[in-house]
Amino acid sequence: MQVFKFGGASVKDAKGVRNVATVLETTGPKQKVVIISAMGKTTNKLETIISLYFSKSKDFSLAISELKNDHYEILDELFEDRSYPVYTKTNYFFDEMSIFFDRNKSPNYDFVYDQVIGFGELISTSIVSYYLKSVGFDNVWHDCRNLIDTDDTYRDAEVNWENTQQKIFNHINKEELSITQGFIGSDSNNFSTTLGREGSDYTAGIFAYCLNAENVTIWKDVPGVLNGDPNVFENTKLLEQISYEEAIELAFFGASVIHPKTLQPLQQKEIPLFVKSFYNPKNTGTKVGKGKLISPLLPCFIVKKDLVFLSLSTLDFSFFVEENISEVFALFHKYQVKVDLIQNSAISFSVCVDNKFKNVDKLIDIFKAKFKVDHQKGVSLFTIRHYDNASIQHIVKDKTVLLKQSYKETIQFVTV
């Protein structure tokens, strides 16, 4: 059997939903688990709704209505009239979301986020499932919260592999076409959890591992894995094959085509991963698996923007030693601040961090009690794998470099 994953861009409108059926017709609809993200920018809009809820904004209800209308526009293009049960199911999920907001007493943003954000996936998969049935593709819709068990680390939950494998084995029929969500799971108290932003790819890896799938295919709006994001870098080229190790390195440094956690369960069972264009399903795309490190061998460019550069030094000019570093990293962990780059000297410690959870300002105030702190927001971290002089000059041209770090096969620059 195979695992397919379609991202939000591939189901952003009615045309995209129809194209899912075209891909399944081309590849064969049976013996597949199809994992689908929220439609288009739905996740971003739900994040806005959550922010409006916490700020008690008068625009809160309007934002929910607008999101519902977005989905109704897609439904009305796909179905002849509103008697189809998919309308009832869509209304049910929007009602559930409203009920949660009405009843919620928790001030914990991360908890509220996870209870709400997954409605995008639940609605999109329902729409796709009903549409596929309407054009002759029998399928079974599954609520992934009943299949993936996690801990209660909201917004970045850890998978309980033993429980998850048992549930997937018990509920998924390998002979059928199964439709389910990426990104979401549930904890031991049946509260919804998420696997981190862009976690739908990881969901595909989880299902493939648990079902011993033949392969995984991630369907994108690009021809495969390119040697740089075409929205950022010019003249990007297709990578035909990448080893698991190389793909993990690229993902670790921030390449957005494959989620970093996706590859490890696939590598354990040597399950190949394909990245293909949903516009051209017959094209070969990129294969990730055993074999060549990377083919063709090209410099690969990665950029992470809007990061924060922190430089810490001791107030008395004493050495910045293991005790200091241990304390700093404990605080990074406590405040869920992801470290992307580290450099330390005898009296200072510099890091480039992601402010995804908006906790860096709190952390800076804590650091100032014990260290001298310099910081700069809005920096970019460029990474080049398999670099050469030409690729380096291309990146640093017209930029101010705050920090440079190089080692075998990889060079990184923090720039403004």
Side-chain angles (χ1 to χ4, degrees), residues 5 35 37-38 43-44 46-47 49-51 53-54 96-97 100-101 104-122 143-168 180-210 248 251-252 254 256 258-266 268 304 307-308 326-340 342 351 353-363 366:
K5 182 260 174 174
I35 292 158
S37 299
T43 300
N44 293 341
L46 284 167
E47 288 178 335
I49 287 168
I50 295 165
S51 296
Y53 166 77
F54 274 102
E96 282 289 297
M97 182 166 56
F100 169 77
F101 279 127
N104 175 60
K105 303 296 182 186
S106 174
N108 183 332
Y109 179 91
D110 291 347
F111 170 78
V112 172
Y113 183 99
D114 275 11
Q115 306 322 300
V116 172
I117 207 74
F119 282 112
E121 277 74 13
L122 293 164
D143 186 335
C144 202
R145 295 173 298 180
N146 298 327
L147 301 176
I148 294 185
D149 263 19
T150 73
D151 67 6
D152 60 359
T153 307
Y154 299 111
R155 296 187 71 188
D156 197 17
E158 291 290 329
V159 174
N160 181 319
W161 283 92
E162 183 177 352
N163 290 355
T164 297
Q165 187 155 15
Q166 188 64 45
K167 287 186 173 184
I168 289 176
T180 194
Q181 308 78 38
F183 182 47
I184 60 175
S186 66
D187 63 19
S188 59
N189 293 313
N190 289 324
F191 288 119
S192 298
T193 58
T194 61
L195 305 177
R197 193 70 193 267
E198 309 298 334
S200 295
D201 289 359
Y202 184 30
T203 304
I206 293 167
F207 273 87
Y209 179 90
C210 293
I248 288 170
F252 174 79
S256 60
I258 305 170
H259 190 278
K261 292 182 180 178
T262 305
L263 294 156
Q264 291 168 329
L266 301 182
Q268 284 191 38
K304 299 181 78 171
L307 304 181
V308 181
S326 175
E327 181 181 0
V328 168
F329 271 93
L331 287 166
F332 284 144
H333 176 72
K334 179 179 179 180
Y335 286 90
Q336 295 179 286
V337 173
K338 183 180 182 298
V339 177
D340 289 302
I342 306 165
V351 288
V353 300
D354 191 324
N355 196 18
K356 179 172 70 171
F357 296 114
K358 310 299 182 187
N359 288 328
V360 167
D361 286 337
K362 299 176 192 174
L363 205 50
I366 294 170

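What's counted below: heavy atoms across the whole structure, side chains too, no hydrogens, waters or symmetry copies.
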[atom1] of [X] to [atom2] of [Y]: how many Å apart, nearest 0.5 Å?
{"X": "Lys304", "Y": "Asp340", "atom1": "NZ", "atom2": "CG", "answer": "3.5 Å"}
{"X": "Asn44", "Y": "Ile117", "atom1": "CG", "atom2": "CD1", "answer": "8.0 Å"}
{"X": "Lys167", "Y": "Ser186", "atom1": "NZ", "atom2": "OG", "answer": "5.5 Å"}
{"X": "Ile148", "Y": "Thr203", "atom1": "CD1", "atom2": "OG1", "answer": "4.5 Å"}
{"X": "Asp149", "Y": "Gln165", "atom1": "CG", "atom2": "CD", "answer": "12.5 Å"}
{"X": "Ile184", "Y": "Ser200", "atom1": "CD1", "atom2": "OG", "answer": "9.0 Å"}

request  = Could you label the plane-to-plane angle of the Tyr209 and Trp161 rings as parallel, tilted or perpendicular, counting under 30° as parallel and over 60° as perpendicular?
outcome  = perpendicular
ask   = Between Phe191 and Asp152, does a side chain to side chain contact (heavy atoms under 4.5 Å, CB included) hold up when you go through it step by step?
value = CA-CA 8 Å; Phe191 288 119; Asp152 60 359; over 6 Å; no
request  = Applying side chain to side chain contact (heavy atoms under 4.5 Å, CB included), run through Val116 and Tyr53 and close with a yes or a no.
outcome  = CA-CA 11 Å; Val116 172; Tyr53 166 77; over 6 Å; no
Side chain to side chain, [X] and [Y], heavy atoms closer than 4.5 Å:
{"X": "Leu195", "Y": "Ile206", "answer": "yes"}
{"X": "Phe111", "Y": "Gln115", "answer": "yes"}
{"X": "Leu363", "Y": "Val353", "answer": "no"}
{"X": "Tyr109", "Y": "Ile50", "answer": "yes"}
{"X": "Cys144", "Y": "Phe207", "answer": "yes"}

Has the side chain of [X] got a donor or acceptor atom that lies under 3.5 Å from a matching backbone atom of [Y]?
{"X": "Asp151", "Y": "Thr153", "value": "yes"}
{"X": "Thr194", "Y": "Phe183", "value": "no"}
{"X": "Glu121", "Y": "Ala38", "value": "yes"}

inquiry  = Using a 6.0 Å cut-off, check whether atom NZ of Lys334 has over 12 heavy atoms from anything other than its own residue.
reply    = no
query = Do other residues, nucleotides or ligands put more than 12 heavy atoms under 6.0 Å from Phe54 CZ?
reply = yes
Can you list the residues that meet the side-chain contact (heavy atoms from CB on, under 4.5 Å) rule with [X], with sequence neighbours excluded?
{"X": "Asp143", "result": "Leu122, Trp141, Arg145, Asn146, Gln181"}
{"X": "Ile342", "result": "Phe329, Val339, Phe349, Val351"}
{"X": "Asp110", "result": "Asn108, Tyr154, Arg155, Gln336, Phe357"}
{"X": "Thr262", "result": "Asp201, Tyr202, Ile258, His259, Leu266"}

All ring-ring contact (aromatic ring centres under 6.0 Å, His included) counterparts of Tyr335, not counting sequence neighbours = none
request  = Start with the C-alpha distance between Met97 and Leu46, add both sets of side-chain angles, then the distance that settles side chain to side chain contact (heavy atoms under 4.5 Å, CB included), and finish with yes or no.
outcome  = CA-CA 10 Å; Met97 182 166 56; Leu46 284 167; 3.6 Å; yes
message = Working note: Thr193 + Asp114, criterion side chain to side chain donor-acceptor pair (under 3.5 Å); need CA distance, chi angles, decisive distance, verdict.
response = CA-CA 5 Å; Thr193 58; Asp114 275 11; 5.3 Å; no
key: Results of side-chain hydrogen bond (donor to acceptor under 3.5 Å, both in side chains) for Ser51 - residues two or more places apart only   = none
